[in-house]
Amino acid sequence: MAGINTFICGPCSAESEEQVLRTAEALNLIFRPDGTRYVTAFRAGLWKPRTHPGAFEGVGEKGIPWMVRVRKELGMKVIVEVANPAHLESVLKAGLDMIWIGSRTTTNPFAMQDLADALKGVDIPVYIKNPINPDVELWIGAFERFQRAGIRQLAAIHRGFSFYEKSKYRNVPKWQVPIDLKQRFGDIPLLCDASHIAGKREYIPEISQKAMDLGFDGLFIESHINPDAALSDARQQLTPSAAESLIKGLIIRDVNSENTDYLAAIEHLRAHIDVIDDNLLDLLSTRMEIVDKIGRYKRDNNITILQQHRWEEVLNKVVAEGVKKGLDESFIQELFKLIHQASIERQS
Ligand code: PEP
Ligand code: MN
């Protein structure tokens, strides 16, 4: 089961017996200074959920014996994605160690219930990726279905969220969502799938380090013996030696420290933050009082609540001012949209 510094690595897709074994062998040779292995399990997708039909949809059942060879010959634990009870049955029959549920599957409560029902009485670790959309309740609901089916070894994989808007990364991390999950289910280990967030291999290290800084328990990384020739997700896969540099380059921080200088400095800064938070709340509450007054005037004069022109003016002004003050543009936009929405609701 996952724990601090769990590294699950392997190709996006199993493509051939040779590709699977050569990748696994190389990943199995990444050692910690104490001689233990870094890679705790070998991943490969057999059934691939692709956006368009006709893309490489995985080798399916045919790849099962390849994963069995990795287990038997290299002694590695192996994990594959399952999306329905038929996949699960093949995996259990072959005695593979663990399963993960893909993002598109987590989004569908019917599919999740079918899998939970099929898993009743089976004690196998299950890793659940976040749903495609940033809905922490849907993610939690997935955990609840498995918990009700008696599955105890559960872990979460954060792989980012899909949006229409273009962004730097393939999937937007929205780190607050996995943090919320962790708050609600503190005992569930949390891994970061930096590959699927990144979309491009050059972004994988910064995302991985961020996950470590946020106290994630490990990483889920795509690695292929020859990434450029990969049949799926070629741009985001690392060679095993790049995976080794990534893992060895991570700065793993302590959750807590005994150092008294550090503790004093942090305490001071936190006290400062608490005061600022209080001030923010006071300001928001004063703002709402004024919003209420405006609402009353509008009602008395029979004017609509939303005045598009005024709102656009406000938004443009705060974004410009915020950017001048070194704040992120999309942060200011989202923050003020929330404030504006709450104001409209109060006036309604
Ligand atoms: C994968 O891990 O290969 C995969 C298909 O991921 P996701 O479900 O996150 O898209
Ligand atoms: Mn992939």
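Remember, it's 1-based here, ligands and their atoms both numbered in the order they're listed. Treat the numbers as computed from the prediction; the structure is a model and nothing was measured. We're numbering straight along the sequence, starting at 1. Because only heavy atoms are used, hydrogens play no part in the values below, and waters and symmetry mates are left out as well, while side chains stay in.
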Under 4.0 Å from a heavy atom of Gly102: which atoms of ligand 1 are those, numbered in the order shown and with their elements?
8 (O)
Any idea which atoms of ligand 1 are less than 4.0 Å away from a heavy-atom of Trp100?
1 (C), 2 (O)
Would you call the rings of His87 and Trp47 parallel, tilted or perpendicular if under 30° counts as parallel and over 60° as perpendicular?
parallel
Say whether Asp233, considering both its backbone and side-chain N or O atoms, lies within less than 3.5 Å of an N or O atom on ligand 1.
no
Does the pair Arg270/Glu267 count as a salt bridge with the N-to-O cut at 4.0 Å?
no
With a cut-off of 4.0 Å, which atoms of ligand 1 are near a heavy atom of His196?
1 (C), 2 (O), 3 (O), 4 (C), 6 (O)
Give the C-alpha distance, both sets of side-chain angles, the deciding distance and a yes or no for ring-ring contact (aromatic ring centres under 6.0 Å, His included) between Phe216 and Trp175.
CA-CA 11 Å; Phe216 277 57; Trp175 296 99; 5.6 Å; yes
Do you see a donor-acceptor pair shorter than 3.5 Å between the side chains of Glu222 and His196?
yes
Could you tell me how the ring of Tyr38 sits relative to the ring of Phe7: parallel (under 30°), tilted (30 to 60°) or perpendicular (over 60°)?
perpendicular
Between the side chains of Arg346 and Asp292, is the shortest nitrogen-to-carboxylate-oxygen separation below 4.0 Å, so that they form an ion pair?
yes
Atoms of ligand 1 close to Arg104 [distance to a heavy atom under 4.0 angstrom, numbered from 1]
7 (P), 8 (O), 10 (O)
For Lys129, the ligand 1 atoms with a heavy-atom partner under 4.0 Å come out as 1 (C), 2 (O), 4 (C), 6 (O), 7 (P), 8 (O), 9 (O)
Name of the Asp233 atom (N/O/S only) found closest to the Mn ion (ligand 2):
OD2
Which residue and heavy atom of the protein sit nearest atom 8 (O) of ligand 1, plus the separation:
Ser103 N, 2.8 Å
Does the N or O separation between Glu81 and ligand 1 drop below 3.5 Å for any pair?
no
Would you mind running through ligand 1 and noting each atom that sits below 4.0 Å from a heavy atom of Lys48?
1 (C), 3 (O), 5 (C)
Please write down residue, atom name and distance for the protein heavy atom closest to atom 9 (O) of ligand 1.
Arg159 NE, 2.6 Å
Of all the N, O or S atoms in Glu222, which has the shortest distance to the Mn ion (ligand 2)?
OE2
Output yes when Arg201 and Asp228 qualify as a salt bridge under the 4.0 Å nitrogen-oxygen rule, no when they do not.
yes
Quiz question: by atom type and distance under 3.5 Å, do the side chains of Asp117 and Gln113 form a donor-acceptor pair?
yes
